[in-house]
Each structure stands twice: as C-alpha cells, then as structure tokens.
Colleague: 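If you scroll down you'll find the structure; I have some questions about it.
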Amino acid sequence: MAVDKDLLQLDLYGLLGVGEKASEKEVKKAYRQKALTCHPDKNPDDPRAAEVFHQLSQALAVLTDAAARAAYDKVRKAKKQAAERTQKLDEKRKKVKLDLEAREREAQTRESEEEEIRITRSLEQEIIRLREEGSRQLEEQQRLIQEQIRLEREQHIQGKQERNGAEGKITPKLKLKWKCRKEDETRGGYSKDVLLQILQKEMAVKNEVGLINNPLKISWLEGQPRNNPSTVLSDSTSQPRTSQASVVSERDYESLVMMRMRQAAERQQLIEQLKREEEEESHT
C-alpha cells in the first residue's frame with residue numbers, strides 16, 4: 001500500500017494545534033474541535049474541506065498510536081537536528097576554510113540523510129500498518145462527529161417544527177353538497193352571496209337546509225371549531241330568513257380564505273422540506 005508522502009511533510013502537532021507532549025485525551029479533543037469546523041458535510045461549498053479533514057484524520061491516527069507517534073517524533077527530531085547542524089555550519093563558515101567546511105558538510109549531510117531515510121521508512125511502515133488494520137481511535141472519533149452533526153440537524157428541524165407548530169392551527173373545513181347541472185349558470189341557486197348568508201347563521205351546520213327546491217347538505221370535513229364570536233355571528237333560528245342580521249363582509253371572507261390557503265401552503269412547504277432533509281440525512 002502506498003504511503004501518503006505529503007503526510008511525512010506535515011506538522012501534525014501544528015495541524016491539530018497541540019504541543020509535542022500533548023496527551024492522547026488532548027489530541028482527541030483538539031481533533032474533534034478542528035474536524036467539526038472543517039467537516040465536508042458542514043462545508044459543502046469549500047473544495048479543500050475534504051482534504052483538510054483527511055489530514056486531520058491522519059494526524060489523529062498517527063498521534064494516538066504509540067508506535068506510529070514514536071516514529072513520527074523521530075522524524076521530526078531528526079529534521080530539527082539537521083536544521084540546527086546547518087545553522088551551526090553556517091556559523092562555522094567564518095572560522096574554517098571553505099574546502100574543509102564543504103567536506104564536513106557533505107559527510108554530515110550524507111549521514112543525516114541516511115538516518116532520515118531509515119527512520120522515515122519506520123514511519124512509513126507504521127502508517128501502512130494503521131491503514132491495513134484500521135485506526136480504532138480514528139473510527140471512534142469520526143463516529144462521535146457524525147453523531148454530533150446528526151443531533152445538531154435534528155435540533156434544527158425540531159426548532160422549525162416547534163416554531164411552525166406554534167403558528168399553525170387546524171383550519172376548519174366544511175363540505176357543501178347540492179344538486180346542480182353543469183350547464184346551470186345559477187349553480188342550482190347557490191351563489192356566493194347565498195352561501196355566505198347561510199354559513200354565517202348560528203348552528204348552520206346542524207340546522208340549515210338551504211333552498212326549499214334544492215336542499216343543501218352541510219357537514220364537517222375536519223377541524224370542527226368551538227363557537228367563537230370572531231368566526232360565528234349570532235342569528236336566532238326563529239328569525240325569518242329575510243332579517244337583517246349582522247354578516248361578515250365579502251372582503252373579510254376573502255381575507256380569511258387567503259389566510260387559510262397561505263397557512264396550508266406553508267405547512268405543505270414545511271412537510272416537503274422535512275422530507276428532503278430526512279432523505280439527505282439517510283444518504284450521509
């Protein structure tokens with residue numbers, strides 16, 4: 001299995017934002033904090049999110065495995081020592097001859113390169129082992145991240161449902177049934193004004209029979225309301241039908257209908273949105 005060469009060049013401690021002596025617990029905590037901010041599911045528009053998340057996952061896998069971390073620390077230490085030797089050689093350049101300096105640097109560089117190659121191979125072997133066996137620590141932390149993302153999504157959906165539930169109410173619906181031919185332009189005698197006048201009577205659903213020559217049957221479909229002064233007007237059944245009872249204006253009726261249609265549309269949109277989010281969650 002090929003080893004990711006870029007991993008050997010990364011500062012894994014710096015990537016997670018922890019020190020070289022950080023405990024395994026501190027490494028895990030730092031990984032969760034970093035991974036949650038750059039997780040691909042939370043950054044769909046960032047093309048580098050997946051790459052950074054992958055690097056963080058590799059850093060966690062190496063730094064939570066004792067053997068792999070020891071090999072990485074050796075590589076890190078060797079590079080640091082090589083840099084220090086180079087700095088010292090630069091300082092010695094003022095004191096020694098150029099030819100002696102060149103020979104010494106060549107010898108030390110060759111030795112340093114051989115040592116770096118040896119310990120780098122050790123790290124490569126540990127990384128290959130981790131990929132073949134699977135990192136238990138990495139799998140556990142990634143599972144916790146997915147669970148936290150799922151909980152945040154559920155809380156977001158629940159908040160929407162509670163806000164919409166507080167606003168949405170069941171809209172009462174009536175079923176009106178009468179006989180009428182398709183070619184009858186009078187609609188069997190039941191014009192809009194006639195229906196409004198009938199439905200505004202108190203106990204209209206139970207007592208109103210409509211026109212004598214064309215009876216009207218009224219029944220509840222859903223949301224049967226209690227008597228509410230704002231929606232049902234008083235009109236004693238003992239009064240003649242021609243009495244001038246207070247009625248809801250046509251404009252008020254149309255406003256009520258539009259409001260109920262808007263509420264129904266908003267509920268439908270919420271249902272469709274919840275379905276889409278559930279489908280998206282099932283694919284992740």
Colleague: Looking only at heavy atoms, which two atoms of Tyr13 and Asp73 are closest? And how far apart?
Modeller: OH-OD1, 2.7 Å
Colleague: Compare every heavy atom of Lys42 with every heavy atom of Pro44, then report the nearest pair and how far apart it is.
Modeller: CD-C, 3.4 Å
Colleague: Between Glu140 and Arg143, is the closest basic N to carboxylate O distance under 4.0 Å?
Modeller: yes
Colleague: With rounding to the nearest 0.5 Å, note down the distance linking CG in Asp65 to OH in Tyr72.
Modeller: 14.5 Å
Colleague: In Å and rounded to the nearest 0.5 Å, what is the CG to CG distance from Leu63 to Leu15?
Modeller: 9.0 Å
Colleague: Can you find a pair of side-chain heavy atoms, one from Leu12 and one from Gln58, that are under 4.5 Å apart?
Modeller: no
Colleague: If you measure from the Lys or Arg side-chain nitrogens to the Asp or Glu carboxylate oxygens, is any gap between Lys88 and Glu84 under 4.0 Å?
Modeller: no
Colleague: Using side-chain contact (heavy atoms from CB on, under 4.5 Å), reason through Arg76 and Asp11 one step at a time and then give a plain yes or no.
Modeller: CA-CA 8 Å; Arg76 184 182 175 88; Asp11 179 3; 2.6 Å; yes
Colleague: Excluding sequence neighbours, so at least two apart, what forms side-chain contact (heavy atoms from CB on, under 4.5 Å) with Val75?
Modeller: Lys79, Ile119, Thr120, Leu123
Colleague: Only pairs under 3.5 Å count here: list side-chain donor-acceptor contacts from residues 28-36, not counting sequence neighbours, and write none if there are none.
Modeller:
unit_1, atom_1, unit_2, atom_2, d
Lys28, NZ, Glu24, OE2, 3.2
Lys28, NZ, Gln137, OE1, 2.8
Tyr31, OH, Ser57, OG, 3.3
Arg32, NH1, Gln141, OE1, 2.9

Colleague: Between atom CD of Glu113 and atom OG1 of Thr109, what is the distance when rounded to the nearest 0.5 Å?
Modeller: 6.0 Å
Colleague: Counting only heavy atoms from other residues, nucleotides and ligands, does the tally under 6.0 Å from CD of Glu152 exceed 12?
Modeller: yes
Colleague: Should the pair Arg129-Glu126 be classified as a salt bridge under the 4.0 Å nitrogen-to-oxygen rule?
Modeller: yes
Colleague: I'd like to know if the side chain of Glu26 and the backbone of Ser23 have a donor-acceptor N/O pair within less than 3.5 Å.
Modeller: yes
Colleague: For Asn43 and Asp46, indicate whether the former's side chain and the latter's backbone hold a donor-acceptor pair under 3.5 Å.
Modeller: no
Colleague: Would you call Arg121 and Glu124 a salt bridge, taking side-chain N to carboxylate O under 4.0 Å as the test?
Modeller: no
Colleague: To the nearest 0.5 Å, what is the distance between NE2 (His39) and CD1 (Ile149)?
Modeller: 4.0 Å
Colleague: From Arg136 CZ over to Glu139 CD, what is the distance, rounded to the nearest 0.5 angstrom?
Modeller: 9.5 Å
Colleague: In a check of side chain to side chain contact (heavy atoms under 4.5 Å, CB included) between Arg150 and each of Arg153, Gln146, Glu154, which one passes?
Modeller: Glu154
Colleague: What heavy-atom pair brings Ala71 and Ser122 nearest, and what distance separates the two atoms?
Modeller: CB-OG, 4.0 Å
Colleague: Of all heavy-atom pairs between Arg69 and Ala22, which one has the smallest distance, and what is that distance?
Modeller: NH2-O, 2.8 Å
Colleague: Any idea which heavy atoms bring Leu130 and Ala61 closest together, and the distance?
Modeller: CD1-O, 3.6 Å
Colleague: Of all the heavy-atom pairs spanning Ser112 and Ala82, show the shortest one and how long it is.
Modeller: OG-CB, 3.8 Å
